[in-house]
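Hydrogens, waters and symmetry mates play no part in the numbers below; they use all other heavy atoms, side chains included. Keep in mind it's a predicted model, so treat the numbers as computed, not measured.
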Amino acid sequence: LVFATKAEAREAFKAMLSERGVKHDQSWDSAMRVILTDERYGALKSLGEKKSCFNEWQMHTVKQEKENRRLKVKKDREAFTAMLRECAELKSSTRSSEAADLLEGDARWTNIESVRDRQELFSEYMVELAAREKEQRKQERKERCAAFRKLLEETSSVKVDSQWRKVVERLEGEPAFRALDPRVRLEVFADYVRDLERHAEEQKLEEKAAKKRQEAKNRAAFKALLKEHVEGNRITARTAWKEYLLFCKHEDAYQAMCSNAGGSRPRELFEDVVEELAERLEADKSCVKDALKLAKFEMTSATSREEVAAQLGQAEGGIGEKLKAISEHNMALIFQDLVDRCKEKEEKALKRKKRALQDFQDHLAGNRSVTAASTWAELKGELEGTSAYKALDDPTAAQGALEAYVEELAAKAKAREERKEREKEEKKSRKSHRDHDDDDDDGRERRKEKKRHKDKKRHREEREDGEEGSEEGDHSDDERRRKKKRSSRKHDLDDRDDDSDDDRRRRKEKKRHRDRDGDDKEDGEC
């Protein structure tokens, strides 16, 4: 035989060894006698190649037979285990001797020749069977628990706050209830109640989140309404909440915002917007003031808006750009603020001038050198050096005040002279009446009799009234004495009228000084 390759020749030689029944443990000489007559013996030419191939075949055959034995043992063991699984009478508590009685007639039992191996396989299967039975019991318990859980879910009277005792009374006749031990039933019920609580809590959280989302939408809608009203000049930096509330209280966005339980209130959002508008207005006002200051333009309360606009229109650079960005509404508010400020300054200046004039008049009243005969020419030099005259800073007003005061002094002097003349005439008249009464004796007697009659009547009343009458009498005497004292003081008071006028004038001067200090303090605060 001729082979194409060396490998084919070697494979043919190995096949010859297997077919001729050569054993793997035979020697080369013994094997050669068996294969010598086979034509494939000459497939390999040299003896060395034949021996090498024979050794290789022996090693391969040993491995193959060993593998075959391993596979057979494995197959027998698997068959043995399968036999055990097929036996329904076996339990995890069955002994090996009991199993032998049941299965020794099966070839798969006897194929495992070693008793030790059979015992090992049986023990392994018992462990497996015990685990399977345990898992089966666990699954059955799980199914019974699921059936009882379903029963609880289908029972509408079982709620998160239900008592276990009442649940037992209601469900004790149900098969799913009786299929579980009392302890397991309680565990299933407790798990179910916890799930109900968790579900209720999750639902509550979801409702709270939904409520927050709705409140956020309400706030966004109200903010959009505020923005719309700002753009329409319905809301300005000077708008009051009460004024705006009358306008927006019927809006859906406002009513929805009022329903919010938390977060900012409508008034807070409104005040935030007004505060932002006020800051913008102050910035715009500062820009306008700076522009007028650069233009050296002095405003008065009579300045028109067109004049201010003309000055602002001449501004250039960055200020000019800022002025163009000011809204028409803000510009109107700024102009009105500036006019009001000018009016306030003018009123304060007028008030200070009146106060200075009053101070000068008070100075004249306290100056003893000023008389009813004084003139402006005589006192001008003296008055010009006083602080009151300097504070007034108006010679015409100072001269007018002096002349008016001199006229007042002259009128008072004339009035005093006239009063003295009248008093002299009255004194003469009283004296003539007294002389006439002295000549009339009958008249004097009648008056005395009348006086005695009054005294008797008074003493009789005092005796009747006792102590109370006595006290009242004393009080009457005191009253008469006071009247007499007031009558005697009347003429003294008339003489002191001039001095009283000066005192009143000084008190008025002090009061005006206190009022002026208060006004100066207010000006400082402004």
State whether [X] and [Y] are salt-bridged, where the test is any N-O pair (Lys NZ or Arg NE/NH1/NH2 against Asp/Glu carboxylate O) under 4.0 Å.
X	Y	answer
Arg213	Glu206	yes
Glu282	Lys285	yes
Glu347	Lys351	no
Lys150	Glu153	no
Glu426	Arg422	no

Which distance, rounded to the nearest 0.5 Å, do you find between the [atom1] of [X] and the [atom2] of [Y]?
X	Y	atom1	atom2	answer
Arg267	Met257	CZ	CE	14.0 Å
Asp181	Leu186	CG	CG	12.0 Å
Lys142	Arg149	NZ	CZ	12.5 Å
Glu207	Leu205	CD	CG	9.5 Å
Asp337	Glu344	CG	CD	11.0 Å
Glu417	Glu421	CD	CD	7.0 Å

Side chains of Gln399 and Glu403, donor plus acceptor under 3.5 Å: yes
Verdict with reasoning, Arg170 to Thr155, per side chain to side chain donor-acceptor pair (under 3.5 Å): CA-CA 9 Å; Arg170 190 174 296 109; Thr155 304; over 6 Å; no
Arg265, CZ atom: more than 12 neighbouring heavy atoms under 6.0 Å: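 Yes, the 6.0 Å shell around CZ holds more than 12 heavy atoms from other groups.
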Criterion side-chain contact (heavy atoms from CB on, under 4.5 Å) on Asn260 and Lys211, from CA distance to verdict: CA-CA 9 Å; Asn260 285 4; Lys211 187 175 181 180; over 6 Å; no
Are the side chains of [Y] and [X] in contact, using a 4.5 Å heavy-atom criterion?
X	Y	result
Ser162	Ser157	no
Glu276	Val273	no
Lys289	Leu338	yes
Val339	Thr303	no
Asp394	Lys353	yes
Val230	Thr236	no
Leu350	Lys354	yes
Tyr405	Ser374	no

Contact summary for [X] and [Y], nearest pair of heavy atoms:
X	Y	result
Ala237	Val274	O-CG1, 3.6 Å
Ala391	Ala356	O-CB, 3.9 Å
His363	Ala388	CB-CB, 4.0 Å
Thr239	Arg234	OG1-O, 3.8 Å
Val160	Leu196	N-CD1, 3.8 Å
Glu378	Ala373	OE1-O, 4.2 Å

Intermediate values then yes/no, side-chain contact (heavy atoms from CB on, under 4.5 Å), Cys145 and Val184: CA-CA 8 Å; Cys145 291; Val184 179; 3.6 Å; yes
Ring pair (Phe, Tyr, Trp, His ring centres under 6.0 Å) contacts touching residues 188-214 (sequence neighbours left out):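 Non-adjacent pairs meeting ring pair (Phe, Tyr, Trp, His ring centres under 6.0 Å): Trp164-Phe189.
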Worked verdict on Lys204 versus Lys208 for side-chain contact (heavy atoms from CB on, under 4.5 Å): CA-CA 6 Å; Lys204 187 183 297 184; Lys208 187 176 181 180; 5.7 Å; no
Any donor-acceptor pair under 3.5 Å from Arg144 side chain to Leu180 backbone: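 Checked: no pair found.
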Determine all donor-acceptor pairs shorter than 3.5 Å in which one atom belongs to a side chain in residues 240-253; sequence neighbours excluded.
residue, atom, partner, partner atom, Å
Tyr244, OH, His229, ND1, 2.7

Within 45° cone and under 6.0 Å: Arg185 NZ/CZ vs Phe177 ring: yes
Test side-chain contact (heavy atoms from CB on, under 4.5 Å) applied to Lys217 - qualifying residues, sequence neighbours left out: Gln214
